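Small disclaimer: the values here were computed from a predicted structure and weren't measured.
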Amino acid sequence: MTAVDLTLSEPSVMALPGLGRALVLAGKLEQEAAEDISRKAQSNRTSFIAELTGSGVVSAFDLAHTVSTAFAAPLVDLSAIDSQRLPKGLLDSKICADYRVVVLSKRNNRLIVATADPSDSQAAEKIKFATQLRVDWVVAEYDKLLRLVSVNAASAAETIDNIIGEDFEFDESVAADLTDNSDSTASEIDDAPVVKFLHKMLLDAYSLRASDLHFEPYEHNYRVRFRIDGELREIASPPIAIKDKLASRIKVISRMDISEKRVPQDGKMKLKIGPDRVIDFRVSSLPTLFGEKIVIRILDPSIAKLGIDALGYEAPDKQRLLHAINRPYGMILVTGPTGSGKTVSLYTCLNLLNKPGVNIATAEDPCEINLPGVNQVNINERAGLTFSAALKSFLRQDPDIIMVGEIRDLETADISIKAAQTGHLLLSTLHTNDAPTTLARLRNMGIAPFNIASSVILITAQRLARRLCPNCKTRIDIPRRALLDAGYEDNDLKDPWISYRPVGCSSCNNGYKGRLGIYQVMPISEEMQRIILRDGNAMEIAQQSALEGVLTLRQAGLGKVKLGLTSLEEVLAVTNE
């Protein structure tokens, strides 16, 4: 198939749109007719191809064949394609409708997209920006393309309408400051397009297994991004005019003050999907230069009930953790950066300990997952309910187990230490890089070595790595030198094992699907206690933990690579050594 030369320099021809220029050069359209259609398209604010097919000058069939030849792009018959089998969620339906395109499949880092006008560079750039994938055009007949786009749009609208009905409900409680005389407030709350857009975004995020939604206003545009398997992806670019109404809608159903736009706020909302399925959302607003940025985190209560096996602990680490949480008193710390799964680990442990004969109290900022049978307290610093205040109150409530969302200051740490020393099991989180540095962090906060040594019984550090898609991962031969540089020992390379790399398919996100935990579980042994008592540093503790068989985060991640669960580059990216 030979492409038509589109590089002729005749000024009047070159002034035409790419599609019009191709048709003129191919002899399928007179230049005057093309210029007239181009002027009409500009006047009517429609596309050149819409005016062309509407005029009847060229049939959709002839147009598709000519365009396929002119641009050396494959021709596809959309009537032979089952719309129900097309991949879902790869590209926002609004982009598909705006640019009259249909996603057919995904191969590696390329998106196969059907269009009637492959010269539309704006559409290609928009799709590439939204998906972070390269676009490979295939040509389809314009009338069949419109029908398929309409079918997909109707299907999406029907889905949204069904969800907004009785099976999709928000737990709304309008704040007291929403007065009846606020007309702007009422219009913001009741704006139907904004409501439907928000509902669709939440549904899409849930169906795509996203952990967070980001609504971000800028000076000239507004974008919505989802964090899927740890990576942010742009999903939609709604009109910037809706930013205030959308922020107000989210704040109303999250029980936040919509009249206050100058300071950050936190809220929470529930989403009912079906008769017995409820999803919690944690909402955070942040004032920025061009409006309020809203971040919504999806909190699925069912993840706390998956069990410890679902978290991905190796057998020795699992036994160490179970042994620690079943001790009558002491402090267990879970460490790692934001978004590393600390909350899920803590709630999984609490779920194992949650029995009728046990009194459990938690102090969180905010409470993320509701656990029946557990007394959960939301921290409210403006009202004076701090972590330390909640802890003091807990100790007067006859608790057996206490969970503190995060140890942030010396007072909270000191009360937590005393609780662990006086017959309570205390679980909490701390932001440190690994388990050995956690003890040094407590020391730097001002906790005496004796108190650390006598209270802390186990520290687990963790990271989340993307899991390779089982459908498309492919074998890769990694040089021995690269494996040794990554951290493998000679003994690890004696027995052959298979490494895999991500590829990408219609059911995954660039070769990855889901995430798995990488853990460093370090019990505090008597020898470690001696190091702490003599005020030893994190390096000494790390050396001792290695002697006792505790793996570093890098070593734990390399074990996941040997099992074929993730890729070597992913482990190198999320761990540091």
Carefully, step by step, assess E570 and R466 under the rule salt bridge (Lys or Arg N to Asp or Glu O under 4.0 Å). CA-CA 7 Å; E570 179 68 9; R466 291 179 295 172; 3.0 Å; yes
Under 4.0 Å between a Lys/Arg side-chain N and an Asp/Glu carboxylate O for [X] and [Y]?
| X | Y | value |
| --- | --- | --- |
| E231 | R233 | no |
| K342 | E406 | no |
| K251 | E292 | yes |
| R408 | D365 | yes |
| E411 | K392 | yes |
| D490 | K494 | no |
| K560 | E314 | yes |

Find the distance between [atom1] ([X]) and [atom2] ([Y]) and round it off to the nearest 0.5 Å.
| X | Y | atom1 | atom2 | result |
| --- | --- | --- | --- | --- |
| L410 | I415 | CG | CD1 | 9.5 Å |
| I250 | M256 | CD1 | CE | 9.0 Å |
| F197 | L202 | CZ | CG | 10.0 Å |

Check the surroundings of atom CD in E489: do more than 12 heavy atoms from other residues, nucleotides or ligands lie under 6.0 Å from it? no
Take a 6.0 Å sphere around OH of Y218 and say whether it holds more than 12 heavy atoms from other residues, nucleotides or ligands.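 Count over threshold, so yes.
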Do the side chain of [X] and the main chain of [Y] share a donor and acceptor less than 3.5 angstrom apart?
| X | Y | result |
| --- | --- | --- |
| Q376 | A363 | no |
| D409 | M445 | no |
| E540 | N537 | yes |

Quick one: sort the Y519 and Y313 rings into parallel, tilted or perpendicular, breaks at 30° and 60°. parallel
Under the side-chain hydrogen bond (donor to acceptor under 3.5 Å, both in side chains) rule, what do Q520 and T552 come out as? Steps first, then yes or no, please. CA-CA 6 Å; Q520 179 187 27; T552 64; over 6 Å; no
So which atom in A389 and which in G384 form the shortest heavy-atom distance, rounded to 0.1 Å? CB-O, 3.8 Å
Taking every heavy atom of D257 against every heavy atom of S259, the minimum-distance pair comes out as OD1-OG, 2.6 Å
For D229 and K513, what are the C-alpha separation, side-chain angles and deciding distance, and is it a salt bridge (Lys or Arg N to Asp or Glu O under 4.0 Å)? CA-CA 7 Å; D229 296 335; K513 187 175 184 179; over 6 Å; no
Kindly determine whether M331 and L425 satisfy side-chain contact (heavy atoms from CB on, under 4.5 Å), including the steps that lead there. CA-CA 6 Å; M331 178 184 284; L425 182 66; over 6 Å; no
Is the shortest heavy-atom distance from the side chain of R297 to the side chain of D280 under 4.5 Å?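 They are not in side-chain contact.
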Any side chain to side chain donor-acceptor pair (under 3.5 Å) pairs touching residues 467-478, not counting sequence neighbours? N471-S507
Go through it in stages, so that I can follow the logic: the residues are K293 and E216, the test is salt bridge (Lys or Arg N to Asp or Glu O under 4.0 Å), and I'd like the CA-CA distance, side-chain angles, deciding distance and then a yes or no. CA-CA 5 Å; K293 174 181 177 178; E216 301 170 316; 3.2 Å; yes
